[in-house]
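Just so it is clear, the values below take in all heavy atoms, side chains as well, and ignore hydrogens, waters and symmetry mates. Residue numbers count from 1 along this sequence. Everything numeric here is computed off the predicted structure, so don't read it as measured data.
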Amino acid sequence: MGLLQIWDHELAGAMAEHDRREEPQATHRLQISEAAFKALILAIYHQSARELDICSPRRLLTAVLKDKENRLSRLDDQQLHRLCNCDVVTGRLAINIRIDSSVNGLMRSFRDHAERRLGRPVSVAEAVYVCSYVASLD
């Protein structure tokens with residue numbers, strides 16, 4: 001076996017091992033406004049600066065939704081009403097965000113919680129916007 005074949009074999013084995021460990025994922029295809037996009041990018045910037053490592057939307061949402069301090073639940077009704085505003089959040093920019101299924105379940109729980117408090121459905125885009133806001137608070 002040549003050196004290139006050995007490397008290909010080792011790479012294939014490493015990729016297969018990574019795939020076995022990886023949790024199922026959900027992909028959200030969102031149409032967001034420029035303001036929501038800017039909030040997401042700013043939150044990613046702040047998270048990256050805090051961790052001194054490059055952050056992604058997936059990593060940001062995971063950090064906020066799995067936060068032990070549960071900062072999302074501390075938002076009062078006025079803040080929640082202001083942030084969960086589809087007129088502010090929905091727009092023409094198309095983005096895809098992939099998150100682990102466990103994080104998707106936490107997002108669903110937050111959306112259900114916000115829906116009970118607001119008396120109306122809360123979209124994934126609105127939930128992402130709220131997470132961006134909370135991540136930028138520190």
Q: Using the side chain to side chain contact (heavy atoms under 4.5 Å, CB included) rule, take Ile97 and Thr27 through it: C-alpha gap first, then chi angles, then the decisive distance, then the call.
A: CA-CA 6 Å; Ile97 297 178; Thr27 301; over 6 Å; no
Q | Test log, rule salt bridge (charged side-chain N to carboxylate O under 4.0 Å, His left out), inputs Arg116 and Asp112 | A | CA-CA 6 Å; Arg116 283 190 300 277; Asp112 290 344; 5.2 Å; no
Q: Determine, step by step, whether His113 and Arg117 satisfy the side chain to side chain donor-acceptor pair (under 3.5 Å) criterion, reporting the C-alpha distance in whole Å, the side-chain angles of both residues, the deciding distance to 0.1 Å, and the verdict.
A: CA-CA 6 Å; His113 168 76; Arg117 288 180 58 193; 3.2 Å; yes
Q.
Could you go through Asn104 and Ser101, starting from their C-alpha distance and side-chain angles, then the distance that decides it, and tell me whether this counts as side chain to side chain donor-acceptor pair (under 3.5 Å)?
A. CA-CA 5 Å; Asn104 195 49; Ser101 290; over 6 Å; no
Q: For the pair Val88 and Glu126, evaluate side chain to side chain contact (heavy atoms under 4.5 Å, CB included) and give the outcome as yes or no after the intermediate values.
A: CA-CA 9 Å; Val88 172; Glu126 289 170 313; over 6 Å; no
Q) Run the side chain to side chain donor-acceptor pair (under 3.5 Å) check on Gln31 and Thr90 step by step: do they pass? A) CA-CA 6 Å; Gln31 293 287 130; Thr90 306; over 6 Å; no
**Q.** side chain to side chain contact (heavy atoms under 4.5 Å, CB included) between Leu72 and Asp67, intermediate numbers included
**A.** CA-CA 9 Å; Leu72 286 173; Asp67 179 25; over 6 Å; no
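Side-chain contact check for Leu60 versus Leu40: some heavy-atom pair is nearer than 4.5 Å. At least one side-chain heavy atom of Leu80 sits less than 4.5 Å from a side-chain heavy atom of Leu118. Within the 4.5 Å cutoff, the side chain of Asn85 has no heavy atoms near those of the Tyr129 side chain. Contact annotation: the side chain of Ile95 never approaches that of Arg29 to less than 4.5 Å [non-hydrogen atoms, C-beta and beyond].
The CZ atom of Arg92 lies 10.0 Å from the OG atom of Ser33; values are rounded to the nearest 0.5 Å. Taking CD1 of Ile44 as the reference point, atom CZ of Arg58 lies at 13.5 Å (rounded to 0.5 Å). Here Leu65 contributes atom CG and Ile99 contributes atom CD1; the two are 7.0 Å apart, rounded to the nearest 0.5 Å. Here Ser132 contributes atom OG and Leu61 contributes atom CG; the two are 7.0 Å apart, rounded to the nearest 0.5 Å.
Residue Arg111 comes nearest to Ala127 through the heavy atom pair CG-CB, 3.8 Å, listed as atom of the first residue, atom of the second, then distance. When all heavy atoms of Cys55 and Gln47 are compared, the pair lying nearest together is SG-CG, 3.4 Å. In terms of heavy-atom proximity, Ala36 sits nearest to Val89 at CB-O, 3.8 Å.
In this structure, His28 places its NE2 atom where more than 12 heavy-atom neighbours from other residues, nucleotides or ligands lie under 6.0 Å away. More than 12 heavy atoms of other residues, nucleotides or ligands lie within 6.0 Å of CZ in Arg74, so this atom counts as buried by the packing criterion. Sparse packing is recorded around CZ of Arg98, with 12 or fewer heavy atoms of other residues, nucleotides or ligands lying under 6.0 Å away.
Cation-pi geometry between Arg82 and Tyr133 is met: the NZ or CZ atom falls under 6.0 Å from the ring centre, inside 45° of the normal.
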